[in-house]
Amino acid sequence: MQRQKSSIYPKVKTIYPRWLWHECRFCNKEFKRENGFKIIDYKKSRAVNEDPLFTSYCCNKCANSIEEVIEKIKKQDIRIILKNYKRSCE
C-alpha cells in the first residue's frame, strides 16, 4: 500500500487568541484579540526523548497571509545557515 506524504513542515494555521498572550516569532511582541498565525515546525537540535516539534506564533503585523509566514520562515532559516557558514570560514 502506498500513500502521498500528507503534511509538510512548517504547518501554519490562522488563530484568534482571546485570553492568552502569544509572542511573535519575528518581532518578539505579544498579541491577543487580533488575528495571528500558529506555526508548528521541527526543532533543529533536540535532546533525547524530547518532542521533535515546537510551536511558535506570528502576529498579523509581520505577515498577512500563510504564504508570507512561510516565506519569512524560509528567509530566517537561510540567514541562520549563512551566519553559521561565515563563522566556520573564519
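The nearest pair of heavy atoms linking Glu68 to Ala63 is OE1-CA, 3.5 Å. The two residues Cys24 and Cys59 make their nearest non-hydrogen contact at SG-N, 3.5 Å. For the pair His22 and Pro17, the tightest heavy-atom approach, listed with the atom from each and the gap, is CD2-CB, 3.3 Å. What you find for Arg18 and Lys32 is that their closest heavy atoms are O-CD, 4.0 Å.
The side-chain heavy atoms of Ile39 and Lys72, taken from C-beta on, include no pair separated by under 4.5 Å.
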side-chain contact (heavy atoms from CB on, under 4.5 Å) between Thr14 and Asn35, intermediate numbers included
CA-CA 7 Å; Thr14 57; Asn35 293 326; over 6 Å; no

Check step by step if side-chain contact (heavy atoms from CB on, under 4.5 Å) holds for Phe26 and Ile73.
CA-CA 9 Å; Phe26 304 107; Ile73 293 169; 3.9 Å; yes

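Atom CZ of Arg33 is separated from atom CH2 of Trp19 by 9.5 Å, given to the nearest 0.5 angstrom. Rounding to the nearest 0.5 Å gives a distance of 12.5 Å between CD1 of Ile66 and CD of Glu71. A distance of 11.0 Å separates OG1 of Thr55 from NZ of Lys11, quoted to the nearest 0.5 Å. In this structure, CD in Glu23 is found 10.0 Å from OG in Ser56, a value given to the nearest 0.5 Å.
Relative ring orientation between Phe31 and Tyr57 is described as perpendicular, the plane-to-plane angle rising above 60° on a 0-90° scale split at 30° and 60°.
In this structure, Lys29 places its NZ atom where only 12 or fewer heavy-atom neighbours from other residues, nucleotides or ligands lie under 6.0 Å away.
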